[in-house]
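Quick note on labels: first sequence line is chain A, next is B, and so on, each numbered from 1.
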There are 2 protein chains.
Amino acid sequence: MATYASVGGRRSRAGLPAVTPERVVRAALALTREHGLENWTLRQLAAGIGAYPAVIYHHVGDREAVVSAVLERVVAELPVPESDRPWRDWFEDLLTGWRPVLLTYPGVARRLAVHGALVPAMHTVIDCAVGVLRRAGLGDESVLACTLLLNQAWQSIAVEDDRGPGIRERAAELHASLRDRPDVPGLAALGRFLDENPDVDLFGYGLARTLDGVAARLES
Amino acid sequence: MATYASVGGRRSRAGLPAVTPERVVRAALALTREHGLENWTLRQLAAGIGAYPAVIYHHVGDREAVVSAVLERVVAELPVPESDRPWRDWFEDLLTGWRPVLLTYPGVARRLAVHGALVPAMHTVIDCAVGVLRRAGLGDESVLACTLLLNQAWQSIAVEDDRGPGIRERAAELHASLRDRPDVPGLAALGRFLDENPDVDLFGYGLARTLDGVAARLES
DNA sequence: ACCTGAACACCGTTCAAGT
DNA sequence: ACCTGAACACCGTTCAAGT
């Protein structure tokens, strides 16, 4: 027979659901979507579920533990193509498919870039990715090429995360102002191009060039 | 005839040199070398020159103003090759020459990656870099290729900055433990390779592959 | 076991007051 | 003009005390 305390104490009497790791992580995911992984505080997280900061420690751990749990969930959402595709298509689909997911959770891409394979949820897809390149005939270089492709994608998305609207606005003004500067023709060309193509797909361009570079290693 | 106050007040009487923007920035550069651009506090900086935090505000401005001044100084240290070199050699020398400088000022590379051409001291070299690619015959794509090459170098160095000894150590352990895992052959190959080549030059490999990718655009 | 509420040692920034 | 010293509104984290 449950005592009063065992079915919920002051929280349930106040109409609040019991704090669970699941609820903490869900609130952290929501805060990450809105503010980015590094831009919410434990106190915000606690307030979001109507709890005291110390309760987060009791149920999940310190901020780092919450962040790890968020990472795990986001990585689980990342789509992975069928591994029988040609290697180039496979990586193109993989990384262009990851971008929109990672961009909705700002800050996660940077964690992946810095911690890489240390994020356990990443293991199965890395295993798969190295396999795709080895079957393509890249030999030992498969490890380097795989690391490079994943890292470049993560890093590039991480920078997109960090470029807030303020920076994008100031960049747009700069590009417009550089258009007519014959004294610096290279910068003028840059201003002209980026002023006319403000949403140019640098991610796709970089991915294509790196894939070209890896393809060239298979031809030799 | 100078009054007592005008030649220095309590600081000079205490044997301390007057606070100047120059001295503030030099102390900030030293802190950045030791802890990284985002890992020192304004209070540390103030203490470093024997001053109160409010004095930094009086002479330089807020933390962001100090960071901008640090950026400017570090960018001024970056070597730039003669612009008559072949484009590929020019970029290889440029970016491999930047890496050791940027690595001694952790956090600067990330600022460059995120703010790019918004760092004024970067303008002349960007102008030069676009010119090198245009003279090589890359046309309008010069802007994209230049942005890509600089960004990938900055991002890759930024991640090196953020991978402290703790992370590198845990990664080394992971690689060793993955060596003998026939159930995940791709990860095993990765563990074997990185365990035997812990200091593999991923920066150089990435730079070479991207340069290959850009070179392929010139052939077509 | 779970939650409360205060406390600790920080942070960037501001500001009235001194000299 | 330059510096002092306290204050403000934060932060992550810890902990004794309540129920």
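- If A:R63 and B:A18 are placed on DNA chain D by their nearest nucleotide, the residue sitting closer to the 5' end is B:A18.
- Within a 6.0 Å radius of CD in B:E38, other residues, nucleotides and ligands contribute more than 12 heavy atoms.
- OP1 or OP2 of C:dT19 has not a single side-chain nitrogen or oxygen of B:R10 nearer than 4.0 Å.
- Salt-bridge formation is detected for the pair A:R179/A:E196: a Lys NZ or Arg NE/NH1/NH2 atom is positioned less than 4.0 Å from an Asp or Glu carboxylate oxygen.
- Whole-Å rounding puts the A:L42 CG to D:dT14 P distance at 11 Å.
- The partner of D:dC10, taking Watson-Crick or G-U wobble pairs whose two distances both stay under 3.5 Å, does not exist in any strand shown.
- Once rounded to the nearest 0.5 Å, the distance linking CZ of B:R63 with CG of B:L37 reads 6.5 Å.
- Each of D:dG12, C:dT14, C:dT19 was ranked by its minimum atom distance to the side chain of B:A54; first place goes to C:dT14.
- Straight-line distance from the CD1 atom of B:I56 to the C1' atom of C:dG12: 12 Å, rounded to whole Å.
- Partner assigned to D:dT19 is C:dA1, using Watson-Crick or G-U wobble distances below 3.5 angstrom.
- Residue A:V55 is the one, among A:V55 and B:E64, whose nearest nucleotide of DNA chain C lies closer to the 5' end (criterion: closest heavy atom).
- At whole-Å resolution of the value, OH in A:Y57 and P in C:dA1 are 21 Å apart.
- At D:dT4, none of the side-chain N or O atoms of B:Y52 fall inside 4.0 Å of OP1 or OP2 (strictly under the cut-off).
- Between the side chains of B:W40 and B:T32, a donor-acceptor pair is found at a separation under 3.5 Å.
- Whole-Å rounding puts the B:E38 CD to D:dC11 C1' distance at 17 Å.
- Within the 4.5 Å cutoff, no side-chain heavy atoms of B:L187 are placed close to those of A:V130.
- Relative to the side chain of B:R43, the nucleotides D:dT19, C:dT19, D:dA7 differ in distance, and D:dA7 lies closest.
- A sub-4.0 Å separation between OP1 or OP2 of C:dC3 and a side-chain N or O of A:R11 is present.
- Contact annotation: A:H59 reaches the phosphate of C:dC3 (side-chain N/O to OP1 or OP2, under 4.0 Å).
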